[in-house]
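Scope of the values below: all heavy atoms of this structure, side chains included, with no hydrogens, waters or symmetry mates. In what follows, chains carry the letters A, B, and so on, assigned in the order in which the sequence lines appear, proteins first and then strands, with residues in each chain numbered from 1.
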Amino acid sequence: MNTPTTGADTRLDLDALADWFTATARPLPWRAAGVTGWGVLVSETMLQQTPVNRVQPIWDEWMRRWPRPSDLAAESQGEVLRAWGKLGYPRRALRLHEAAGRIAAEHDDVVPSDVDTLLALPGIGAYTARAVAAFAYGRRAPVVDTNVRRVVARAVHGAGDAGPPSTNRDLADVDALLPAEDAPAATLSAALMELGQVVCTVRSPSCERCPIAADCAWQHNGRPAYAGPPKKVQKFAGTDRQVRGRLLDVLRGATGPVTRDQLDAAWNEAGQRDRCLDSLLVDGLVEQTDDGRFALPGER
DNA sequence: TAGACGTGGGT
DNA sequence: TACCCAAGTCT
């Protein structure tokens, strides 16, 4: 089926991986036939650091309300932030809103299929640009996310997990695995991600179900533990991120501008609270009204 | 390149 | 209880 022309030096059975994906892929809504590049871009943006099960209902609502980029672009920032709900990292919503405006104005309301054009849009980085090119348009593009990095680290390099990310090296690793033709390469990109998500997981991987276990370098090495530099754990409790989230949650829950007193109730330490409110204003996630109250942007 | 940036569920 | 983790991007 898929003959790996550029990856001929690997002995991984990538045809078996593609077949496994075709047979077992989860029927996620953004994978359905007829989903546009816009639908894929929205899903990929929402899925940045946010689990599938939380994205799915929000994605459904967005596609119903804003089926084209121009539909979202016509909406206010505040309404977009409300619809983003508690997906997290709300700056993603603002950037997607801005990207939608650019796509409507500069690309005839059609999400570009070219990686470099996609990379020029706000909120679209190395991963998302290639994910859209591959999954929406069937292009050959090395899609590298945390799952793919882990699969490559194990199956190709024989390590317990991927070390710190290095975009160019990671892209080259995956590029070397992809077949030359667009369609089979796009399928393999999706298959590598799916494998990392449902089989080659961080903890307790299901190697007995893995279609490439026979040739996996990690298996051959005796499944050594991760030996790279310590992973950095993200603190959350008590950080500015938590405080910003609390403040924004007050604004999302309000129907209009709120007073400073209402925001004060969200966090008891005044210094941190004020600093976070300032940063939200700087980031454009909050606006101040003429009478000194606070609101989501565009809702003054 | 390291650190900031939300949120919630699993262990 | 803490810590870990989840389809990253930007500075």
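- Counting any heavy atom pair closer than 4.0 Å across all strands shown, A:Pro90 reaches sugar-phosphate atoms only and no base atom.
- Residue A:Gln234 is classed as a base contact, given a heavy-atom separation below 4.0 Å to a base.
- Not less than 6.0 angstrom separates the ring centroid of A:Trp38 from the ring centroid of A:Trp66.
- Separation of the P atoms belonging to B:dG3 and C:dC4 is 16 Å when rounded to the nearest angstrom.
- The residue A:Val52 sits close to a base: some heavy atom pair falls under 4.0 Å.
- Of the side-chain N and O atoms in A:Arg244, one or more sit less than 4.0 angstrom from OP1 or OP2 of B:dG6.
- Rounded to whole Å, the P atom of B:dG8 lies 22 Å from the corresponding atom of C:dT9.
- A:Lys231 comes within 4.0 angstrom of nothing in the nucleic acid, heavy atoms only.
- With hydrogens and angles ignored, a donor-acceptor pair closer than 3.5 Å exists between the side chain of A:Gln197 and the base of C:dA7.
- Position along DNA chain B of the nearest nucleotide to A:Asp240 versus A:Ser166 favours A:Ser166 as the more 5'-ward residue.
- Scanning atom types as modelled, one donor and one acceptor separated by under 3.5 angstrom connect the side chain of A:Thr50 and the base of B:dG6.
- For C:dG8, the OP1/OP2 oxygens have a side-chain nitrogen or oxygen of A:Gln49 closer than 4.0 Å.
- Counting any heavy atom pair closer than 4.0 Å across all strands shown, A:Thr146 reaches sugar-phosphate atoms only and no base atom.
- Side-chain contact check for A:Pro211 versus A:Asp13: every heavy-atom pair is 4.5 Å or farther apart.
- Residue A:Arg31 is the one, among A:Arg31 and A:Arg95, whose nearest nucleotide of DNA chain C lies closer to the 5' end (criterion: closest heavy atom).
- The residue A:Arg26 sits close to a base: some heavy atom pair falls under 4.0 Å.
- The gap from the P atom of C:dT11 to that of B:dG6 amounts to 14 Å, rounded to the nearest Å.
- Side-chain contact check for A:Tyr127 and A:Gln48: no donor-acceptor pair (N or O, by modelled atom type) lies under 3.5 Å.
- Here B:dG3 presents its P atom at 19 Å from CZ of A:Phe236, a figure rounded to the nearest Å.
- A:Thr128 has a side-chain polar atom (N or O) that falls below the 4.0 Å cut-off from OP1 or OP2 of C:dT9.
- Remark: A:Arg252 is in phosphate contact with B:dT7, judged by side-chain N or O atoms under 4.0 Å from OP1 or OP2.
- Contact annotation for A:Trp30: base contact, defined as any heavy-atom pair under 4.0 Å involving a base atom.
- Using modelled atom types, one side-chain atom of A:Arg92 and one backbone atom of A:Met46 make a donor-acceptor pair closer than 3.5 Å.
- Residue A:Gly125 is classed as a sugar-phosphate contact, given heavy-atom separations below 4.0 Å to backbone atoms only.
- Residue A:Leu280 is out of contact with every strand shown, counting any heavy-atom pair closer than 4.0 Å.
- Here A:Ala237 lies out of heavy-atom contact (under 4.0 Å) with every strand.
- Here the side chain of A:Arg246 pairs a donor or acceptor atom with the backbone of A:Ala266 at under 3.5 angstrom.
- If you check every strand for non-hydrogen atoms under 4.0 Å, A:Asn53 touches nothing.
- For the pair A:Lys86 and B:dG8, the criterion of a side-chain N or O lying under 4.0 Å from OP1 or OP2 is met.
- Across all strands, A:Leu87 comes closer than 4.0 Å to base atoms (heavy-atom distances).
- Taking a cutoff of 4.0 Å between a charged side-chain nitrogen and a carboxylate oxygen, A:Arg65 and A:Asp71 do not qualify as a salt bridge.
- Looking at heavy-atom distances under 4.0 Å, A:Pro165 makes no contact with the nucleic acid at all.
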